[in-house]
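Here is how names work: the chains are called A, B, and so on, in the same order as the sequence lines, proteins then strands, and each is numbered from 1. Computed from a predicted model, the values in this text were never measured in an experiment.
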There are 2 protein chains.
Amino acid sequence: MAKAKIQKKTGYHHGDLRGQLISAARDLIEEHGPDGFSMSDACRLAGVSNAAPYRHFKSKEDLLTEVAMDGLARLGAQMEQHAAEYPRGTVQSLAAIGRTYVQFAMREQHTFRLMFSTKSHAGRIEELKTVGRGAYGVLLREVARYLGEDDITEEVLQAAFPLWTQVHGLSFLAIDGKLDVTAFPVDIDQSILLATERLLPPRPEPQGS
Amino acid sequence: MAKAKIQKKTGYHHGDLRGQLISAARDLIEEHGPDGFSMSDACRLAGVSNAAPYRHFKSKEDLLTEVAMDGLARLGAQMEQHAAEYPRGTVQSLAAIGRTYVQFAMREQHTFRLMFSTKSHAGRIEELKTVGRGAYGVLLREVARYLGEDDITEEVLQAAFPLWTQVHGLSFLAIDGKLDVTAFPVDIDQSILLATERLLPPRPEPQGS
DNA sequence: CTAACTATGTTATCGTTGCTAACATATGTT
DNA sequence: AACATATGTTAGCAACGATAACATAGTTAG
């Protein structure tokens, strides 16, 4: 991905410090983890003093929250996009959503952690949850199609949850480097497909008998 | 659990600073999270100077690793203990292991995070993995019993992994407060039981035809 | 018994961090 | 031109992790 490439400011004012700080944060977080990330580093990268960010973000946490929410939005978009590459409402489209989820986690490991972290988002957790619900909605609608439901029924909610749980667990095990604790080579895509098939309730006949 | 209760040292020497620091760390971590935990706090609790811990731990990370390894060991023991409360090698005993896992995560949220974190353990990750494999072995042996295998076959490994993934995901969703994103009340124990049943391959007839 | 050694404390200090206060400089509006 | 607002700067705070130099206790050898 784009390595922190920064245009130094020209005069006293920067131009787009807010945007550049978010971008710098994203890059630095992916490089050193959310804790290894420091405001000072971001400032150095943006060529600005240590106090400048506090005109745009109330705190370091606030900046991180911004990064997290952006991540959730992108995850939702990517899931929708990949689901659309398969016949809607099938095991395949659902497995595609799962693969997208895990791949996102592996590609943007630290952003992913941030997205689901409770700390680092003091006071804005509800805001974050709302964005998260948006992404979860992609899965819910796909499960609804699978079940032939017109809207998000109780049944849909019940069926979707274990699928989420499964890929969420797989994501964390993968990014925490635990897949070699299993003592056999885990094929992630295969694992997702199999679990999706098993966890879904039997599908009602698509049409006719 | 035991709130950080500390016996001040009597003379110049402390007596059991190492042990008391680990214990203080456990308490403080559970109270304020692994990041909210500071060496200085632990020192204050133990009634000792800021430099003293470095006679016993090479770094803060090193102390945290100790806490994590202890946690993994206790998790393994608890899983074994609860599995033994049910007929061995059944869906029930396997679900009990899963429940123990998630309950541990919820009871010792921050220690749990630490146990599976890759950061905070620089240089000792393999050591940690070994302890982790010990705990995982409890699940593996129970799955082997379920499948009627005498040792940990490929089939056992394949069957156990999705079970782990499921409860691991459930644990993180639970401790990250995401169970209300699902828009329906999640019954954790029920959820574990259902997923266990669905994820396991059909059981071979216990005995006879 | 005492000298030497080792283990385990202390104090002093350093560099880094997140953040705030007080001040400076652009930009835009009237 | 005068003022208000947005957005920078410098200086400085307290807390943190860590190290170096020193102090003291307990242990072992002669």
Whole-Å gap separating [atom2] ([N]) and [atom1] ([X]):
X       : N      : atom1 : atom2 : value
A:Lys58 : C:dC19 : NZ    : C1'   : 12 Å
A:Lys60 : D:dA15 : NZ    : C1'   : 14 Å
A:Tyr54 : D:dC13 : OH    : C1'   : 13 Å
B:Asp35 : C:dG18 : CG    : P     : 12 Å
B:Asn50 : D:dC22 : CG    : P     : 20 Å
B:Asp62 : D:dG17 : CG    : C1'   : 14 Å
B:Leu63 : D:dA18 : CG    : P     : 10 Å
B:Asp16 : C:dA7  : CG    : C1'   : 14 Å

By nearest atom, which of the nucleotides [options] is closest to the [X] side chain?
X       : options                : answer
B:Ala52 : C:dT17, C:dT10, D:dA11 : C:dT10
B:Ala51 : C:dT17, C:dT11, D:dA18 : C:dT11
B:Arg44 : D:dC16, C:dC19, C:dT10 : D:dC16
B:Ser49 : C:dT10, D:dC16, D:dG17 : C:dT10

(message) In the structure I gave you, are the side-chain heavy atoms of B:Gln166 and B:Val102 within less than 4.5 Å of one another anywhere?
(response)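 Counting from C-beta outward, B:Gln166 and B:Val102 never come under 4.5 Å.
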(request) Indicate yes or no: at least one non-hydrogen side-chain atom of A:Leu63 is less than 4.5 angstrom from one of A:Met39. (result)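 A:Leu63 vs A:Met39: side chains touch.
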Touch check for [X], heavy atoms < 4.0 angstrom, all strands: base, sugar-phosphate only, or nothing?
X       : answer
A:Ser40 : sugar-phosphate
B:Ser38 : sugar-phosphate
B:Phe57 : nothing

(message) Just checking A:Phe37 against A:His110, ring centres under 6.0 Å apart?
(response) no
(request) Would you please indicate if the ring centroids of B:Phe161 and B:Tyr136 are separated by under 6.0 Å? (result)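 Centroid distance B:Phe161-B:Tyr136: not below 6.0 Å, so no.
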(request) Measure the spacing between CZ of A:Arg145 and CG of A:Leu94 and express it to the nearest 0.5 Å. (result)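 Interatomic distance, A:Arg145 CZ to A:Leu94 CG, rounded to 0.5 Å: 9.5 Å.
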